[in-house]
Amino acid sequence: MSSFQGVITKTIFKSDNNYMVLLFKVLKNDLDDSYNNKTITITGYFYDTLENTNLEVIGELTKHLKYGMQLNVSSYKVIVAEDKNSIIKFFTSDLFKGIGEAKALKIYEALGDDAISKIKSDSGVLDSIESLSKKNKETIKNKIEEMDNSSEIILKITDLGFSIKESTLIYKYYKEETLSILENNLYDIYYDLEKISFQKVDLIARKNNYLKDDIRRIEAGIIETMNVLSFETGNTIQTKSEIFNLLKVIINYLIPEDLFLDCLNSLIKKLKIMDLGLDNYELLIYYEADNNIVKRLTYLKNKPDTLIKETKLDKMINNLENVYNIKYDDKQKEAIKLAFLKNFLIISGGPGTGKTTIIKSIVSMYEDFYSKDDIVLLAPTGRASKRIMEATNYPASTIHRFLKWNKDTNKFQVNEYNKSDCKIVIVDEVSMLDTILFSSLLNGLKFDTILIMVGDANQLPSVSPGNILKDLIESEVFSVVELNTLYRQKKGSNIIELAHDVNLGEVNYNLFNKSDDLFFYKASSIDIKENLTIIINKLKTSDYLSYQIMAPMYKTLNGINNLNKCMQELLNPKESNKNEMIINDCLYREGDKVLQLMNMPDDNIYNGDIGIIIEINNILKEITIDFDSNIVTFNSSNFQNFTLGYVISIHKSQGSEFNTVVIPILNEYGRMLYKKLIYTGITRAKNKLILLGEVNALNQSVINEKENNRKTNLVNKIKERYNLNV
């Protein structure tokens, strides 16, 4: 670590979370005098824009081939300017609106080299400067006070054990209340700032003399426990015993039951947890989201239907049949008609029942009544939105992109205070829609926006907590059209028939190995890799996006992690001209197939997207990936956003389709063999499906209803609203 003193001359970049790239003129340092009076780049987290401000910065100096010398700052403090030129530059900076060079000169002439120190001691010294307005004096006083406080407080926060990034976030959020938070309850930081984990706050609190049975610690631990339970199970409701049993693990303390109950009741009184009765509890965030969903959908249901003569709708449907050279069945016609009559409609159906055809038809008819900007087509993932856009020839977007998600703040810019002007929203793949995202989408729409939701209720529910599609259908309150006629009767027909059989809890083995679309090869756990190699060798000449291996789980001998290493050596072996990089014990090589794990809307890539590594630069520590002609460069700050993609989880395949899908099914996958998972994997295959493994494993998976019973409160809330029996 080296210490540099100097002045900020220019802001090159500033993110919403206060990460900055700044030009810094070095005045002195403890490393090498050759840096003095030269400008270097410094990077890090700073509370405020600091142009023309003198700083002492501590960090690691590195040489970046692209950007030259730069200092990665780990801590800093503001230094008082003490010469005429620095003081004038300081007061004419963006920190002090309305102070020009003439007024800054008057300040220096009146107060001299120690002008800033004098103002700190007594801001009344500004009263003698006639050219300063009352507003000028208030601005100077408040900004100097704020800068002085921010520098000292951020140092105090870092002294506790938080990083400079975390300390900046904490001070930016609490400002003048920061010291009170540090003194009264460190766990408030966990409640208020989701980017700072319970584990980090708990570690620092324990190091700063918080006892293991401190009530503040137990209460925060309960909230963390409920969050962990929600994301592990998908449930928004937890029982008292579930919370109590996991809490002991989360806080590593065998908490007495009476202390647990006292803290649980305290959180209920503070409205952080809702008591649903019968020993069931729900975090406030899900309780409020459910309330919002019920309120918004009730409004749409109660709003009068659109008045269009049925003869006119029939004529329009006939025209569509002629244009697309198809014949709609009664259910499809019902879906199209209700899309024009109802303000809220759910269309559900399995593969091959014509959901995409219906979306295309509805959009085509809407275009006769609305402009293109009025109609929005959405899906939860990037690949799902791209697929529906290609199928309908109509613009589509992810929900995150439509709501203008800000990755730094994790907030949506289209929200209840800044709503979209669109008039119709059609959402595809709604089985993937979780409670919080659906509530956020409704917040971003005007109350009278027509909403049509399309999906397959038999697929896996969302990765995040909630079970929106299933709950809305089960409430039996809203208009639902169930598509049930199979239309893909040629290519892929055996795959679709298998999917429908699986939904019924059975497997017809006569469907396999009789045509070129559906295969089952028996293989034991020991020889699965050998058999998989034979299959993939026949496919590897195909485009990397056209086929995909999926597996139910990451660990075990034949889990995703081990199979990815095997496929990497088969499909992209080590070569002298291919650069490599190891990230978190995983080897990446130029030419590797990778899977995107996080939404990065600024780069137009999303969770579930698949790409190829085209360049690894070990000097710059950068990896460049081609996502279907969208070239994105990653560095150490976001390497965790992707992983090897030769084999992906079935969960990650949701919203995607591949020409060929290969799925190993083995007894060793155990608890991950259940009907919805296998059904979802099967329905990802467009033209060919190859199942590989043990017959007993497949038989057990189709009768295992494990995922059918997520515990949520949405159905109860809807029925309560309509005075139905719960």
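Every value quoted in this text rests on a predicted model; they were computed, and no experiment measured them. In this chain, numbering begins with 1 at the start of the sequence shown.
For Thr633, the side-chain contact (heavy atoms from CB on, under 4.5 Å) partners two or more places apart in sequence, or in a different chain, are Glu622, Thr624. Shown here are the side-chain contact (heavy atoms from CB on, under 4.5 Å) partners of Gln640, two or more places apart in sequence or in another chain: there are none. By the side-chain contact (heavy atoms from CB on, under 4.5 Å) test, Asn659 pairs with Ser546, Lys686, Asn687, sequence neighbours left out. Contacts of Tyr324 classified as ring pair (Phe, Tyr, Trp, His ring centres under 6.0 Å), with partners at least two apart in sequence or in another chain: none. Under the side-chain hydrogen bond (donor to acceptor under 3.5 Å, both in side chains) criterion, Asn319 pairs with no residue, sequence neighbours left out. Applying the side-chain hydrogen bond (donor to acceptor under 3.5 Å, both in side chains) test to Asn599 and every residue at least two apart in sequence or in another chain returns nothing. With sequence neighbours excluded, the residues satisfying ring pair (Phe, Tyr, Trp, His ring centres under 6.0 Å) with Phe634 are Phe642. By the side-chain contact (heavy atoms from CB on, under 4.5 Å) test, Val376 is found to be paired with Leu378, Phe402, Cys422, Val425, residues two or more places apart in sequence or in another chain being considered. Residues meeting the ring pair (Phe, Tyr, Trp, His ring centres under 6.0 Å) test with Tyr547, sequence neighbours left out: none.
Within a 6.0 Å radius of NZ in Lys195, more than 12 heavy atoms belonging to other residues, nucleotides or ligands are found. By the 6.0 Å contact criterion, CG on Asn393 is open, its count of non-hydrogen atoms from other residues, nucleotides or ligands being 12 or less. Counted within 6.0 Å of NZ on Lys172, heavy atoms from surrounding residues, nucleotides or ligands total more than 12; the atom is thus considered enclosed. More than 12 heavy atoms of other shown residues, nucleotides or ligands fall within 6.0 angstrom of atom NZ in Lys419. Taking a 6.0 Å sphere around CG of Leu504, one finds it holds more than 12 heavy atoms contributed by other residues, nucleotides or ligands. In the displayed structure, Lys337 atom NZ is contacted under 6.0 Å by more than 12 heavy atoms of other residues, nucleotides or ligands.
Applying the ring-ring contact (aromatic ring centres under 6.0 Å, His included) test to pairs two or more places apart or on separate chains, those with a residue in residues 276-303 are Tyr299-Phe447. Under the ring-ring contact (aromatic ring centres under 6.0 Å, His included) criterion, the residue pairs touching residues 338-384 are Phe340-Tyr366, Phe340-Phe369, Phe344-Phe478, Tyr366-Tyr370, with sequence neighbours excluded. The stretch residues 267-284 participates, sequence neighbours left out, in these salt bridge (charged side-chain N to carboxylate O under 4.0 Å, His left out) pairs: Glu219-Lys270, Lys240-Asp279.
Across all their heavy atoms, Ala391 and Thr356 have their closest contact at CB-CG2, 3.3 Å.
Summarising the geometry, atom CD1 belonging to Ile648 is positioned 6.5 Å from atom OG belonging to Ser656; distances are rounded to the nearest 0.5 Å.
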